[in-house]
Amino acid sequence: MQFSYDQENIYLIDNDYAIAKANFTVKNNILSINHIIVEKQYRGKGIARQLMLEVIKYSEKNNLLICPICEYAKMFFKHNSKYDHLLNN
């Protein structure tokens, strides 16, 4: 599996097929996580967490704060306080 990027998405690719994506927008140095979507057959395997960690890497690399909008992203940050320094409060 590997990650692929476009302007507003990070995809997790398996055998040339996007099994999951993180959709985001960037404005004023704030990355807003709009949706984390995992294909049904891949759910429950930690894929969404992998995507979140990749979003965090992307935000750190680009000096962006994060605004979690989707419920999964909110829950992720609630349970992973070590990333609180990245949140746009």
Side-chain angles (χ1 to χ4, degrees):
M1 286 190 267
Q2 64 187 29
F3 292 101
S4 174
Y5 295 76
D6 68 24
Q7 210 167 23
E8 294 187 340
N9 298 287
I10 298 174
Y11 301 93
L12 185 56
I13 309 294
D14 187 27
N15 294 322
D16 296 325
Y17 178 71
I19 63 170
K21 80 172 179 177
N23 173 263
F24 60 88
T25 52
V26 177
K27 185 176 181 179
N28 300 325
N29 292 322
I30 298 170
L31 183 148
S32 297
I33 304 170
N34 302 315
H35 302 286
I36 300 291
I37 302 167
V38 178
E39 290 291 327
K40 197 175 260 186
Q41 64 268 32
Y42 292 93
R43 292 180 187 165
K45 299 179 181 185
I47 302 292
R49 179 175 176 73
Q50 289 180 47
L51 270 176
M52 286 299 301
L53 294 174
E54 193 67 17
V55 168
I56 287 168
K57 285 182 197 175
Y58 180 86
S59 71
E60 289 177 327
K61 179 181 174 186
N62 293 285
N63 297 312
L64 301 170
L65 292 175
I66 297 175
C67 177
I69 295 174
C70 81
E71 291 304 315
Y72 181 83
K74 288 178 185 177
M75 181 188 72
F76 177 90
F77 284 104
K78 181 178 178 182
H79 295 288
N80 293 279
S81 60
K82 70 180 183 178
Y83 301 113
D84 283 354
H85 66 283
L86 296 172
L87 292 174
N88 178 46
N89 293 328

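Residues Ala20 and Leu51 approach most closely at CB-CD1, 3.6 Å, considering heavy atoms. What you find for Tyr11 and Asn9 is that their closest heavy atoms are OH-ND2, 3.4 Å.
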Review point. Please walk me through it: do Ile69 and Ile33 pass side chain to side chain contact (heavy atoms under 4.5 Å, CB included)?
Key: CA-CA 5 Å; Ile69 295 174; Ile33 304 170; 5.8 Å; no
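Note that the NZ atom of Lys21 and the CG atom of Asn34 stand 10.0 Å from one another [nearest 0.5 Å]. Atom CZ in Phe3 sits 5.0 Å away from atom CG in Leu12 (nearest 0.5 Å). For the atom pair Gln2 CD and Asn15 CG, the distance stands at 10.0 Å (nearest 0.5 Å). In this structure, the separation between CG on Leu64 and CG on Asn28 is 11.0 Å, given to the nearest 0.5 Å. Considering CD1 of Ile37 and CZ of Arg43, their distance stands at 9.0 Å, rounded to 0.5 Å. Atom CG of Leu86 and atom CD1 of Ile30 lie 12.5 Å apart (nearest 0.5 Å).
Dense packing is recorded around CD of Gln41, with more than 12 heavy atoms of other residues, nucleotides or ligands lying under 6.0 Å away. Within 6.0 Å of CG on Asp6 lie more than 12 heavy atoms contributed by other residues, nucleotides or ligands.
Asn23 contributes a side-chain N or O that, together with a main-chain N or O of Glu8, makes up a donor-acceptor pair within less than 3.5 Å.
In summary, Lys57 and Glu60 do not engage in a salt bridge, as defined by a charged side-chain N under 4.0 Å from a carboxylate O.
Residues Phe24 and Ile10 are in side-chain contact: their nearest non-hydrogen atoms beyond the backbone lie under 4.5 Å apart. Residues Asn29 and Asn63 are not in side-chain contact: their nearest non-hydrogen atoms beyond the backbone lie 4.5 Å or more apart. Two residues are said to be in side-chain contact when any heavy atoms from C-beta on lie closer than 4.5 Å; Tyr72 and Arg49 meet this criterion. Asn80 is not listed as a side-chain neighbour of Met52, based on a closest heavy-atom distance of 4.5 Å or more.
Criterion: ILVMFWY side-chain heavy atoms under 4.5 Å apart, direct or through other members. Under it, Leu65 and Phe76 are not part of a common hydrophobic cluster. Taken together through direct or relayed side-chain contacts under 4.5 Å among Ile, Leu, Val, Met, Phe, Trp and Tyr, Met75 and Leu31 form part of one hydrophobic cluster. Follow the hydrophobic side-chain contacts under 4.5 Å out from Ile47 and you never reach Ile13; the two are in separate clusters.
Ring geometry for Tyr83 against Phe77 counts as perpendicular: the plane angle is over 60°, on a 0 to 90° scale with 30° as the lower cut.
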